[in-house]
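To find a chain, count down the sequence lines: A is the first, B the second, and so on, and within it residues start at 1. Side-chain atoms are counted along with the backbone in the values below, which use heavy atoms only and exclude waters and symmetry mates.
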Amino acid sequence: MFKRILIANRGEIAVRIIRCCREMKIETVVVYSQADEKSLPVVLATKAVCIGPARASESYLNQDVLLEMAKRMECDAIHPGYGFLSENADFARACEENNIVFIGPSAEIISKMGDKQSARKLMMENDVPVVPGSKDLIKSVDEALEVAGQIGYPVLIKASAGGGGKGIRKVFSEDELAGAFETARAEAKASFGNDDMYIEKLIINPHHIEIQIMADHEGNTVYLGERDCSVQKNNQKLLEEAPSPKLSEELRIRMGETAVAAAKAAGYDSAGTVEFVADDDGNFYFIEMNTRIQVEHPVTEEITGMDLIREQIRIAEGRKLSVTQDEVDCRGHAIECRINALTPGEITFVHFPAGYGVRVESHIFEGYEVSPFYDSMIAKIIVKGDTRLHALRRLRRALEELVIDGITTNAEFMHLLTYHPDFIKGKYNTSFWENSHEEIEQWLKEGL
Amino acid sequence: MELQDLMKIWDRFDRSGVELVELDIDDMHFRLKKSVPQASAAVSVQQSAATASEAAQAAPENPVAELSVKGVRSPLAGTFYRSASPEEDPFVSVGSQVHKGDVIGIVEAMKLFNEVQSTEDGVVREILAEDGGLVEYNQVLIVLD
């Protein structure tokens with residue numbers, strides 16, 4: 001059993017992990033940057049150590065200092081949260097070499113799944129449907145033209161080492177291909193130092209559906225239902241719900257079992273998410289696997305009744321999964337709404353919603369200074385209802401109650417989003433924000 | 001004004017990061033002054049008599065000195081050593097004359113030894129960091145006059 005865990009993260013996820021550790025009687029060490037000196041994780045942790053200036057590269061991304069602190073403070077394990085070093089294979093390896101448990105899968109698996117083209121290949125070898133695309137890396141423009149012709153336009157040129165939207169180009173016709181390929185390749189080289197490219201069929205306005213999986217060291221693997229994350233602004237998720245309003249029960253089971261197969265193929269352990277895109281015809285395709293706990297994990301927790309952080313820690317300690325697939329029971333409907341700060345500044349007043357079926361995950365408090373250095377998400381409002389409509393009404397009620405003064409946030413926008421007919425009907429895909437945000441912004445100005 | 005009220009004010013003052021408080025109560029004038037600048041992680045220091053009771057929060061376990069203290073701060077988090085090796089003499093002691101650029105100690109992280117250079121000229125008044133102890137980023141290692 002772990003005695004002490006170092007949390008290599010900040011904000012709401014650090015708070016989440018600390019709370020879980022406290023309940024498990026595990027001590028916590030929080031390492032923080034100067035910008036986070038007056039923050040909730042620093043207050044709640046057993047011990048907090050300032051490790052650097054605001055710049056992430058000198059603090060939260062500084063692997064040497066993190067390892068030094070973990071060793072110095074005699075921590076058994078490091079929880080990397082999400083973002084930062086959570087999917088950094090080098091860091092996971094360095095933890096292993098220093099006899100510190102990295103709470104997540106092994107360095108080898110992170111590395112395997114982080115290389116998107118090889119992850120695709122692995123899935124193809126295991127009969128997991130992938131977005132039709134190139135079998136291997138594309139080395140030249142001529143090869144690109146040939147493969148794209150075979151796949152059929154439109155296509156998506158992607159960097160194998162990619163992420164964050166870099167090294168990606170949409171190509172709608174053959175004459176655009178050569179230019180797009182060269183540009184994407186150059187961008188990939190500049191952003192990741194790696195210009196390995198591959199090509200996929202471009203699925204227009206898909207549904208983004210991801211399956212939460214959990215596996216222990218013995219290879220026991222379960223899926224914990226799906227999350228629909230199609231409400232996205234510029235590839236950034238705004239709202240997630242479980243289950244997806246789009247999936248039939250049959251499709252849900254098929255995707256879940258496919259995700260488990262994918263995880264087993266990778267030799268996965270710990271928490272992970274298998275991402276798919278789905279079209280309107282019931283076809284789904286593997287895109288990638290995220291080898292970390294995700295921001296939106298609470299919606300899965302709400303419908304399964306499972307504490308996923310606790311499960312992650314238990315698995316890292318070497319314990320078995322606490323449930324078998326038969327014991328996994330998804331009930332009701334949960335929605336998570338992300339509240340983002342649109343400006344930095346001091347929070348002069350905050351009142352969070354509460355009451356039956358409402359859960360808030362946040363690190364803010366009155367007097368807290370939202371700094372411009374990090375992610376702008378300041379709170380997650382999560383609701384659970386017996387049905388989707390019930391959850392929707394609860395979310396509206398919660399957002400109506402929410403007050404955050406001192407800075408501007410997207411709370412009002414999100415509240416009005418819940419009144420959009422497409423959202424209410426559950427008939428939306430990744431084009432939803434693009435198609436509806438102007439209308440919602442109009443409502444913001446004039447009223448509904 | 002009861003004696004126990006004065007004790008309460010004194011006690012609060014002691015725990016605060018405030019250095020000097022002057023109070024006029026019941027035709028009496030009180031002046032409380034600290035002889036050594038206190039280490040504190042105060043949010044803000046309010047030095048008006050009326051708000052003496054709202055003075056900065058209690059001193060924390062981690063000694064992060066106020067910005068007004070003249071001294072040398074750690075450029076990274078790690079283990080502090082006063083000398084280059086256990087056999088050698090410490091770089092500085094109380095009373096040592098220090099010039100800007102002089103090495104005053106070492107902070108080690110992951111087997112890398114970083115020499116900490118003084119950012120100012122002065123005489124070492126106090127060595128706050130413990131030899132072999134954990135230091136935080138920006139923590140005051142030595143205080144200079």
Original post:
So which heavy atom on A:Q34 is nearest to which on B:N138, and how close?
Top reply: NE2-ND2, 3.0 Å

Original post:
Would you find more than 12 non-hydrogen atoms of other residues, nucleotides or ligands less than 6.0 Å from A:E108 atom CD?
Top reply: no

**OP:** For A:E74, look at atom CD and say whether over 12 heavy atoms of other residues, nucleotides or ligands are found less than 6.0 Å away.
**Re:** no

Subject >> Nearest-0.5 Å distance, SG of residue A:C50 to CG of residue B:L76 >> reply: 11.0 Å

Subject >> Separation between CG of A:N62 and CE of B:M110, rounded to the nearest 0.5 Å >> reply: 10.5 Å

Original post:
Of the backbone (N, CA, C, O) and the side chain (C-beta and beyond), which part of A:E58 lies under 4.5 Å from a heavy atom of chain B, both, or neither?
Top reply: neither

Original post:
If every non-hydrogen atom of B:T79 is compared with every non-hydrogen atom of A:E68, which pair is closest and at what distance?
Top reply: OG1-OE2, 3.6 Å

Subject >> Whether over 12 other heavy atoms sit under 6.0 Å from B:E130 CD >> reply: no

Original post:
Among B:P75, B:S74, B:A77, who wins on heavy-atom pairs under 4.5 Å with chain A?
Top reply: B:A77

Original post:
Do other residues, nucleotides or ligands put more than 12 heavy atoms under 6.0 Å from A:E366 CD?
Top reply: yes

**OP:** Check whether more than 12 heavy atoms from other residues, nucleotides or ligands sit under 6.0 Å from atom CZ of A:R4, and answer yes or no.
**Re:** yes

Subject >> Most contacts with chain B, counted as non-hydrogen pairs under 4.5 angstrom, among A:N98, A:I51, A:V65, A:L67 >> reply: A:I51

